[in-house]
Every structure is written in C-alpha cells, then in structure tokens.
Amino acid sequence: MPAVKTVRLDQLAHHQGQEVVVCGWLYNKRSSGKILFLILRDGTGFVQAVVSRDSVDEETFRAADRLTQESSLRVRGTVRADPRAPGGYELQVTALEIFQRAEEYPLSLKEHGIEFLLDHRHLWLRTPRQVAIMRVRHRVVKACRDFLDERGFVLVDAPILTGAACEGTTTLFRTDYFGRSAYLTQSGQLYMEAAAMALGKVYCFGPAFRAEKSKTRRHLMEFWMVEPEMAFADLEDCISLAEEMLTVVTEEVLRHCRSELELLGRKLEPLTHVKPPFPRLSYDQAVQLLQAKGRQFEWGDDFGAPEETLISLEFDRPVVVHRYPAACKAFYMEPDPQRPEVVLAMDVLAPEGYGEIIGGGQRLAGSELLVSKFREHHLPEEAYRWYLDLRRFGSVPHSGFGLGIERLLAWICGLRHVREAIPFPRMLNRLYP
RNA sequence: UCCUCGAUAGCUCAACGGUAGAGCGGCCGGCUGUUAACCGGCAGGUUGCAGGUUCGAAUCCUGCUCGAGGAGCCA
C-alpha cells in the first residue's frame with residue numbers, strides 16, 4: 001500500500017477530505033449488493049469504510065465481501081463527512097489489504113451470558129464497553145499516581161512474596177519457596193511503614209492476593225491497591241488525604257473520560273458531588289444511624305455489606321467512618337488515647353451502595369503495645385521482628401490507607417460487578433483465561 | 001462452609017408429561033446508502049452427568065458436576 005499517512009480512528013475528524021490509511025479490525029459488516037459498509041475499530045474509535053464496486057477492482061471487492069467479524073485489515077481511502085455514517089465521518093475506500101481473514105468469531109453483537117463472556121475474556125476485552133472501562137481504569141491509575149507524586153510521595157515497591165501475613169485473620173495463597181512456605185502479599189502496608197520511616201511520604205501500587213472463598217460482586221482473589229503511608233501524620237491527616245485524593249481522581253475522570261462514561265451509561269451527576277468535606281461519622285454515630293433505621297445491630301459488631309450500603313445511601317458523596325472498636329480492626333491500629341476501646345481507624349464508603357473502597361488509619365507507634373497485640377492475635381513474633389524494629393528506632397505517629405482500584409473503578413463506572421474492572425479477573429472459580 | 005437460583009443448537013432463549021423450535025452467528029443466493037441492515041434457502045441437538053417414576057421425560061423425583069447471586073471475610 002503506497003505511503004499515505006496512517007491515522008488512528010479517534011483522529012479521523014482532523015483529516016477531512018484527505019486520503020489516509022487506517023488499520024483495524026472488522027467490527028461489523030453490512031452490504032447491499034454493489035456497496036459494502038465495513039465498520040472498523042482500532043481501539044481508539046470506529047469508522048464506517050465504504051467499499052463500492054466502482055471504486056475498487058473486482059478482486060478487492062470480492063475479498064471485502066467475504067470478510068468475517070474481527071478480520072484484521074488496513075484500508076486506504078478518503079475521509080469525508082456524511083450524516084448517514086455512524087460518528088459523522090466515513091472512509092471512501094480505494095484500497096484494502098487483509099492481514100488475516102478471521103475464523104468464525106465466538107462473540108456475536110448480541111447479548112451473551114456472563115460465564116461465556118468470562119471464558120472469552122481475551123476477546124470480550126475488544127468490545128466497546130470493555131474498552132471504555134479499561135480507558136477509565138488507566139485514567140484512575142494515572143490520577144492516583146499523579147496525585148501522590150505531586151504531593152511529594154515516593155513510589156516504593158512492596159514485595160509480592162512474603163514470609164508471613166500482614167493481618168493474621170485472612171487467608172493467604174501459599175507457594176513453595178525452595179522448600180519453605182512463602183505467601184503472596186495481601187497488602188504492602190507493613191513495608192510502606194518501613195519505607196515511610198526512610199523517605200517520609202511513600203506509596204506502593206501493586207497487586208494484592210486474598211485466598212478468601214468470597215463469591216460476591218465486590219470480591220476478586222487478585223486485585224490492585226494503592227497504599228500511601230505518611231510519617232508524622234495522624235488520623236485527621238489520613239482522612240484529609242483520602243478525601244482530597246478521591247476528589248481529584250473523580251475530577252480527572254470527569255475531565256478526560258466523558259465519552260467513556262457516556263458509553264457505559266454512567267450518570268455523571270453523582271460523580272460531580274465528590275467534593276470535600278466528606279461526611280464523617282464515628283463508629284458510634286454509625287451504629288446510632290443503623291439502629292434508627294431499624295437495623296438489628298449491637299455496638300462492637302463489624303459492618304457487613306448490608307450495613308455499609310445502608311450508611312452510604314444516606315449521603316450524596318463518599319462517607320468516612322472512623323474510630324472502630326479495636327476488635328473489628330487489624331492489630332496494627334493505634335488506640336484512641338481518649339477511649340482505648342476504639343482505634344484510630346477509618347474506612348471510606350462509596351456512595352450508591354458500593355461499599356468500602358478505602359481502609360486505613362493511624363498505625364500503632366508503641367513497641368510494648370505492639371508486642372501484646374502480637375500475642376493477642378497469635379502472630380509469630382519472629383516474623384514481625386523487623387516490624388517491631390520500626391517502633392524501637394525513632395518511632396513516630398504515622399498513618400496511611402489502602403485504596404482498592406477495582407472497587408473505586410466499579411463505582412466510578414457504575415459497574416454491577418468488580419470483575420469487569422480488571423482485565424483478567426481471578427475469582428473463586430476462575431483462573432482462565 | 002452455608003443459603004438461593006440455574007444448565008436445551010456455536011451464542012441468547014422458547015418448548016413445562018405427548019414429533020425439540022426461533023433469533024443471531026455459519027454456508028449458499030438476492031439487493032448501489034446500510035445503521036445490532038433486510039429478503040430467500042441450507043446445515044446445525046446423546047436437552048450438564050448418573051439413576052429413578054411413567055405407556056411416554058428437556059419437562060417430575062434423587063444424587064453428582066459445573067456455574068451465577070448472596071452470607072461470612074475484606075479493598
């Protein structure tokens with residue numbers, strides 16, 4: 001094919017009247033005897049390529065007529081505006097080169113069941129809706145990183161393979177480490193505490209693994225988490241950071257991903273409410289709220305999904321719940337000096353019933369209390385010796401949180417299930433593809 | 001681990017005790033402006049597996065397998 005500029009489909013409108021080359025896959029085809037309409041996609045957009053019998057040779061026309069869904073091709077033609085074309089622009093084809101005529105494609109343009117779609121996740125990813133979600137995911141990740149980078153946080157990577165649990169309670173994936181047991185990390189937090197003592201403000205961005213036999217729309221066995229940690233920071237600092245971060249990330253998505261959100265059918269209005277200050281409830285107040293709503297709930301119980309939904313539906317933006325009973329939270333939370341039975345922990349619940357997207361708080365700074373917590377939680381002290389060292393050598397108040405990327409994305413995109421928020425979901429019954 | 005629901009053509013579904021069908025996809029043919037195009041034709045099934053009830057089971061019963069939603073746990 002002669003040298004003519006190759007353009008991405010989202011740039012086509014800037015080349016009106018010009019002859020260009022585009023590369024892509026056949027999304028759909030319609031024909032009417034002597035004229036063919038090839039709908040091409042390239043991951044950035046779509047275009048209707050018009051092949052008429054007069055404008056190409058007989059052989060090209062016949063080959064184009066035989067093209068199957070998802071066949072890969074390069075097309076040369078003239079860009080022109082036409083109200084009849086989807087998107088307003090079309091390509092009058094003068095030449096066409098086929099990379100491959102695809103075999104019968106499993107995914108039709110009609111509806112499919114979720115099992116079939118998940119079995120074909122590698123192909124499902126090509127559909128407009130999934131492409132839109134992945135684009136928003138990219139923007140969310142970028143916004144999180146830009147936000148922290150601009151505020152002086154240093155990216156420090158936490159290990160994936162660890163010798164012990166971060167929190168003794170949840171189940172870990174065990175693997176063989178040259179004859180010893182090793183575990184896939186469930187959080188980088190403990191390592192971020194060490195890094196914060198070295199660099200001040202740090203964060204990690206990585207996968208987390210939980211071998212919980214959870215089968216709900218909020219759970220994945222492997223998910224991604226961004227975990228900032230700050231030295232010389234208390235619970236208030238932690239809440240402020242979370243509040244500001246969610247605000248900026250949401251703004252960035254609204255600024256850059258309008259068309260994606262529209263394609264997903266996401267109402268923009270709830271997203272525009274995400275501005276500080278977020279409503280803040282102490283655990284005590286949350287319990288009162290639940291009881292006022294007629295919910296059977298005792299002080300000391302932990303919130304389940306139904307409770308989180310009830311609380312979040314009371315507000316038009318993310319809500320912060322803080323100062324939980326110590327028994328509800330992990331061993332490393334700092335007790336409230338005013339009320340030792342509660343800890344300086346906080347969760348952020350997304351609106352519209354999406355539930356917890358952030359969990360964090362102020363970390364335990366004293367070494368004696370930490371040792372007694374190890375015993376209370378039956379944790380192997382030997383494995384946590386390095387963590388105890390952080391309290392022995394210049395311990396400071398410090399705090400941080402973990403933000404679940406898929407849960408945040410599910411809420412921002414209005415997805416029914418987190419499995420669509422990650423390219424290749426790992427779930428209880430799924431390790432393929 | 002527990003509760004609820006489901007499994008019929010490649011896909012989405014119908015048939016609910018009496019000859020397993022449709023739409024889409026595929027193949028063949030028609031149409032010079034289609035919009036998940038349309039029109040005609042063809043191929044395509046051990047109704048998840050194993051038992052049972054019945055003259056007769058996709059349909060009713062039992063067990064199993066696989067899946068979905070939810071609980072617990074969490075981001």
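What's counted below: heavy atoms across the whole structure, side chains too, no hydrogens, waters or symmetry copies. Letters A, B, ... mirror the listed sequences (proteins, then strands); counts begin at 1.
- The base of B:C31 lies outside donor-acceptor range of the side chain of A:Arg30, with no N or O pair under 3.5 Å.
- A:Gln48 comes within contact range of at least one nucleobase, with a heavy-atom separation under 4.0 Å.
- For residues 415-433 of chain A, proximity to RNA chain B is found at A:His417, A:Arg419, A:Asn429, defined as any non-hydrogen atom under 4.0 angstrom from a strand atom.
- Applying the side chain to side chain donor-acceptor pair (under 3.5 Å) criterion to A:Arg258, with sequence neighbours excluded, gives no partner residue.
- Annotation: of the two residues near RNA chain B, A:Lys34 and A:Val348, the 5′-most nearest-nucleotide partner is A:Lys34.
- Using a 4.0 Å heavy-atom cutoff across all strands shown, A:Pro86 reaches at least one base atom of the nucleic acid.
- Between A:Arg218 and the phosphate of B:A71, there is a side-chain N or O to OP1/OP2 separation shorter than 4.0 Å.
- Within residues 111-128 of chain A, the residues approaching RNA chain B are A:Glu111, A:His112, A:Gly113, A:Ile114, A:Glu115, A:Phe116, by heavy-atom distance under 4.0 Å.
- For the pair A:Arg280 and A:Phe278, the NZ or CZ position fails the cation-pi test of under 6.0 Å to the six-membered ring centre and within 45 degrees of the ring normal.
- No hydrogens or angles were tested; on distance alone, nothing pairs the side chain of A:Ser214 with the base of B:C74 as donor and acceptor under 3.5 Å.
- Listed by first residue number, the stems of RNA chain B with at least three Watson-Crick or G-U pairs below 3.5 Å are B:1-7 with B:65-71, B:10-13 with B:21-24, B:26-30 with B:38-42, B:48-52 with B:60-64.
- Between A:Leu408 and A:Tyr354 the shortest side-chain heavy-atom distance does not fall below 4.5 Å.
- Between the P atoms of B:C64 and B:C3, the separation comes to 12 Å (whole Å).
- Taking the six-membered ring for Trp, A:Phe147 and A:Phe153 have ring centres at least 6.0 Å apart.
- One finds no side-chain N or O of A:Lys110 lying less than 4.0 angstrom from the OP1 or OP2 phosphate oxygen of B:C24.
- Relative to the ring axis of A:Tyr324, A:Lys329 places its NZ or CZ within 45° and under 6.0 Å from the centre.
- Between A:Phe374 and A:Phe331, the gap from one ring centroid to the other is short of 6.0 Å.
- Residues A:Tyr105 and A:Ser52 each lie close to RNA chain B; by heavy-atom proximity, the contact nearer the 5' end of the strand is made by A:Tyr105.
- Residue A:Leu220 is in base contact, counting any heavy-atom pair closer than 4.0 Å across all strands shown.
- Among residues two or more places apart in sequence or in another chain, the salt bridge (charged side-chain N to carboxylate O under 4.0 Å, His left out) test is passed with A:Glu90 by A:Arg80.
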* Stepwise, does the side-chain contact (heavy atoms from CB on, under 4.5 Å) test hold for A:Trp386 with A:Tyr191? -> CA-CA 10 Å; A:Trp386 68 269; A:Tyr191 296 97; 3.6 Å; yes
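- No donor-acceptor contact under 3.5 Å links the side chain of A:Glu103 to the base of B:G26.
- Side-chain polar atoms of A:Glu193 and A:Tyr332 form no donor-acceptor pair below 3.5 angstrom.
- Comparing B:G33, B:C74, B:G72 by their closest approach to the side chain of A:Thr216 singles out B:G72.
- Side-chain atoms of A:Lys215 and base atoms of B:A68 include a donor and an acceptor less than 3.5 Å apart.
- Among the atoms of the strands shown, none is found under 4.0 Å from any heavy atom of A:Arg129.
- Between the base of B:G72 and the side chain of A:Arg210 there is no donor-acceptor pair shorter than 3.5 Å.
- Among the heavy atoms of the strands lying under 4.0 Å from A:Glu90 is at least one base atom, whether or not backbone atoms are also near.
- For the segment residues 297-319 of chain A, the set of residues with a heavy atom within less than 4.0 Å of an atom of RNA chain B comprises A:Asp302, A:Gly304, A:Ala305, A:Pro306, in numerical order.
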